[in-house]
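Written below as structure tokens is the structure these notes are about.
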Amino acid sequence: MQDDKVVVGHVGDSRLYLIWNGAVRKLTSDHSPVGEREDRGELTETEAMTHPRRTKYFEMSVSPA
């Protein structure tokens with residue numbers, strides 16, 4: 001934190017929450033199919049956190065340059 005600003009680097013299923021004045025707000029989203037469904041409103045946060053595929057991530061293919 002510097003000058004009242006925070007920079008966050010985020011990858012995967014680690015979430016960042018802001019807790020301020022008794023309120024909790026999720027600041028990041030999961031980079032997974034289940035996380036995207038939550039972002040679209042198809043699942044609640046509780047449903048996403050208990051979904052059987054919650055730990056599955058998008059497969060990324062990287063080709064050599």
Side-chain angles (χ1 to χ4, degrees):
M1 185 166 171
Q2 183 176 356
D3 298 325
D4 294 327
K5 294 183 182 181
V6 175
V7 176
V8 176
H10 159 75
V11 176
D13 68 345
S14 299
R15 296 178 177 190
L16 177 67
Y17 292 88
L18 174 65
I19 302 170
W20 188 259
N21 290 332
V24 179
R25 185 173 62 146
K26 185 172 70 167
L27 300 180
T28 59
S29 298
D30 291 350
H31 299 138
S32 68
V34 171
E36 285 195 350
R37 290 185 62 200
E38 179 188 351
D39 291 344
R40 289 193 302 262
E42 297 172 10
L43 297 171
T44 66
E45 183 174 6
T46 300
E47 291 169 332
M49 291 177 75
T50 60
H51 194 281
R53 296 193 52 126
R54 69 189 174 277
T55 60
K56 303 296 180 195
Y57 300 99
F58 290 108
E59 292 183 19
M60 301 175 86
S61 61
V62 178
S63 58

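We number each residue from 1, following the sequence as shown.
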Mind listing the closest non-hydrogen atom pair of [X] and [Y] along with its distance?
X	Y	answer
Glu42	Arg40	OE2-NE, 2.9 Å
Thr28	Leu16	OG1-N, 2.8 Å
Gly35	Ser32	N-OG, 2.9 Å

Check whether any side-chain heavy atom of Arg37 sits under 4.5 Å from a side-chain heavy atom of Arg53, and report yes or no. no
Quick one: NE2 on His51 to OG1 on Thr46, what's the gap to the nearest 0.5 Å? 13.5 Å
